[in-house]
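Reviewing the structure listed below.
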Amino acid sequence: TIKGWVNTRRDHGKIVFIDLRDRTGVVQVVCTEAAKDLRSEFVVSVTGLVKARPEKLINKNLPTGTIEIEAQEIEVISQSEELPFDMGKEVLDVELPTLLDYRALTLRHPRVQAIFKVQEVVIDAFRQALKARDFMEFQAPCITPAVAEGGAEVFRVQYFEHEAYLSQSPQLYKSLLVGDFERVFSVNKIFRAEPSVTTRHLTEVVSLDAEFGFIESWLDVLEMQEYVVRFIFGQVEKKCAKELELYGATLPKLADKIPHIKLREAQEIIYKRTGRDCRQEKDLSPEDEREICRWSRQERGSDLVFVSHFITKEKPFYICPDPEDPTYVLSVDLIGRGVEWSSGGQRLNDYQQILKNAKEWGVKEEDVELYLQSFRYGVPPLGGFALGAERMTMHILGLKNIREASLFPRDMERIDVRLNR
RNA sequence: GGGGCUGUAGCGCAGUUGGUUAGCGCGUCUCCCUGUCACGGAGAAGGUCGCGGGUUCGAGUCCCGUCAGCCCCGCCA
């Protein structure tokens with residue numbers, strides 16, 4: 001007896017073929033006319049005999065193509081309504097809004113499922129990589145007391161008779177915890193109320209965060225980041241060959257060492273290559289990021305490139321300025337395939353300096369009280385980084401829109417269903 | 001917030017310089033088929049062309065407005 005969903009039905013009159021699907025794959029069931037009433041996505045229980053197919057009837061395109069099941073009895077367990085689109089195609093031919101409007105159904109398609117198998121491996125590999133380096137996993141809070149960092153917009157929530165916010169980053173908590181556990185990481189949801197309607201932004205994101213103490217320099221953070229990314233790629237390559245093939249995807253090519261350049265060097269390179277002068281800009285634009293990726297690929301043989309030394313004033317108060325030139329910070333973004341994959345850097349660990357910076361940045365002491373407490377009682381030099389799980393998944397598979405890489409994407413216009421209907 | 005593009009059957013699309021009955025593929029329904037595996041064959045149903053207004057003898061097509069969607073830019077520790 002085998003139970004599963006009807007993938008497709010091929011009716012030949014006296015003989016009917018059913019492709020039966022369950023979590024392990026698809027197998028062909030040979031039925032009599034009794035199967036005439038079965039439709040796509042019906043859940044059925046088939047009792048019958050597993051038989052080897054005659055040589056001529058072997059389907060080489062199907063992993064189970066050498067066998068088939070001769071049905072003796074078929075019981076319908078659950079019926080399905082008529083499908084809104086064709087699920088039998090190798091590639092679901094629907095537009096993004098349809099893909100998401102029918103999410104419960106589209107997630108049954110093997111090519112859609114592949115996305116989330118890759119994502120699972122990415123997240124699992126992140127955990128493995130850090131546990132192997134003696135990091136401890138922690139659960140970050142989602143409700144936070146105040147907006148401690150400028151920058152990204154935050155969601156406000158009613159918290160009894162008080163106001164609270166949804167966490168836009170576990171940053172302060174993971175840094176704080178370095179004072180307690182030395183090496184920590186978390187896999188957690190973060191929330192951003194940016195009014196951004198783009199192919200790479202979501203309001204609810206899975207963030208892969210790591211932070212550790214006793215670093216000799218910010219380069220230790222960069223190395224740890226590189227180790228983790230390489231480990232993740234290795235696991236995806238090993239465990240997701242089938243999924244990568246479905247998308248014709250290849251993992252980013254990495255040089256022996258991922259090249260690393262400073263923001264100003266990157267801008268100089270872009271100026272020399274394109275004549276576009278962005279040397280005074282405070283950050284790389286999307287086009288700049290694409291150009292620097294082209295450079296990295298051509299000149300250094302690497303699809304990924306670290307860009308460091310962003311402008312101190314543009315970064316949060318806790319980032320460590322470069323002692324050699326405090327205009328720039330010891331923070332680093334990992335850029336690949338034209339977009340940002342992760343960002344990290346060295347943080348301040350000197351209590352007085354953090355206090356001073358907080359004041360300068362306009363951060364109220366009382367809003368970061370718990371964070372500051374940690375640094376009053378001794379914290380080693382520290383740093384860390386964060387990767388976006390959806391962005392990694394998206395760019396590993398070459399998806400066009402990040403919403404495809406989120407099971408239930410939230411954006412300005414959608415929470416499960418479209419908000420403007 | 002700025003710009004570009006799109007909106008035609010359940011889904012994906014075509015529709016010429018404005019012209020009389022708006023098409024195609026898939027899916028759905030009926031019938032035929034014992035070897036298909038995206039089965040095949042015959043037939044059928046299914047549309048106020050996003051919505052509102054205008055120009056015109058006549059609008060899916062042109063104009064204005066509006067709503068929705070997609071993409072780019074901006075915003076984005």
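In the text below, chain A, chain B and the rest are named by the order of the sequence lines, each starting its count at 1.
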Report, one pair per line, the protein and nucleotides 24-26 of chain B atoms (nitrogen or oxygen only) whose separation is under 3.5 Å.
from, atom 1, to, atom 2, distance (Å)
B/C26, O2', A/Asp86, OD2, 2.6

>> What contact category does A/Ser285 fall into here, base, sugar-phosphate, or nothing, at under 4.0 angstrom with non-hydrogen atoms?
In response: sugar-phosphate
> Looking at A/Tyr227, does the NZ or CZ of A/Arg133 lie under 6.0 angstrom from its six-membered ring centre and within 45 degrees of the ring axis?
Replying inline: yes
> Which parts of nucleotides 30-35 of chain B does protein reach within less than 4.0 Å, heavy atoms only, written one letter per nucleotide 5' to 3' as B for base, S for sugar-phosphate only and - for none?
Replying inline: ---BBB
> With a 4.0 Å cut-off on heavy atoms, is A/Thr199 in touch with a base, just the backbone sugar-phosphate, or nothing at all?
Replying inline: sugar-phosphate
> C1' atom, B/G7 versus B/A45: distance in rounded Å?
Replying inline: 25 Å
> When we call it a touch if two heavy atoms are under 4.0 Å apart, what does A/Arg21 touch: a base, just sugar-phosphate, or nothing?
Replying inline: nothing
> So what does A/Thr98 touch, heavy atoms closer than 4.0 Å: a base, only the sugar-phosphate, or nothing?
Replying inline: sugar-phosphate
> Quick one: the side chain of A/Ser196 and the base of B/C75, do they pair up donor-acceptor inside 3.5 Å?
Replying inline: yes
> Are A/Phe85 and A/Tyr102 close enough that their ring centres sit under 6.0 Å apart?
Replying inline: yes
> At under 4.0 Å, does any side-chain N or O of A/Asn7 touch on OP1 or OP2 of B/C37?
Replying inline: no
> When you compare B/C70 with B/C11, how far apart are their P atoms, in angstrom units rounded to a whole number?
Replying inline: 15 Å
> When you compare B/C37 with B/C29, how far apart are their C1' atoms, in angstrom units rounded to a whole number?
Replying inline: 23 Å
> Under 4.0 Å: is that the gap between some side-chain N or O of A/Arg10 and OP1 or OP2 of B/U36?
Replying inline: no
>> Using Watson-Crick or G-U wobble geometry with both distances under 3.5 Å, which nucleotide pairs with B/G65?
In response: B/C51
> Mapping A/Glu82 and A/Asp19 to their closest nucleotides on RNA chain B, which lands nearer the 5' end?
Replying inline: A/Glu82
>> Could you tell me how far apart A/Leu92 (CG) and B/C13 (P) are, to the nearest whole angstrom?
In response: 13 Å
>> What contact category does A/Pro84 fall into here, base, sugar-phosphate, or nothing, at under 4.0 angstrom with non-hydrogen atoms?
In response: base
> Would you say the ring centroid of A/Trp341 lies under 6.0 angstrom from that of A/Phe233?
Replying inline: yes
>> Distance check needed: B/C39 C1' versus A/Asn59 CG, whole Å only.
In response: 12 Å
> 5'-most contact on RNA chain B: A/Lys282 or A/Asp411, nearest heavy atom basis?
Replying inline: A/Asp411
>> Any base atoms under 4.0 Å from A/Glu95, or only sugar-phosphate, or nothing? Heavy atoms, all strands.
In response: sugar-phosphate
> So does A/Arg9 get a side-chain nitrogen or oxygen closer than 4.0 Å to the phosphate oxygens (OP1/OP2) of B/G27?
Replying inline: no
> Given the C1' atoms of B/G41 and B/U36, what is the spacing between them in whole Å?
Replying inline: 14 Å
>> Under the criterion side-chain contact (heavy atoms from CB on, under 4.5 Å), I'd like the reasoning laid out for A/Trp361 against A/Lys313: C-alpha separation, chi angles, the key distance, then a yes or no.
In response: CA-CA 8 Å; A/Trp361 262 250; A/Lys313 276 291 162 197; 3.8 Å; yes
> Taking the six-membered ring where the residue is Trp, are the ring centres of A/Phe126 and A/Phe185 under 6.0 Å apart?
Replying inline: yes
>> Give me the distance, rounded to whole Å, that separates B/U8 from B/C49 when you measure between the P atoms they each carry.
In response: 11 Å
>> Does this structure show an ion pair linking A/Lys36 with A/Asp11, if we count only N-O contacts that are shorter than 4.0 Å?
In response: yes
>> Taking only the P atom of each, what is the distance from B/U16 to B/G2 in whole angstrom?
In response: 32 Å
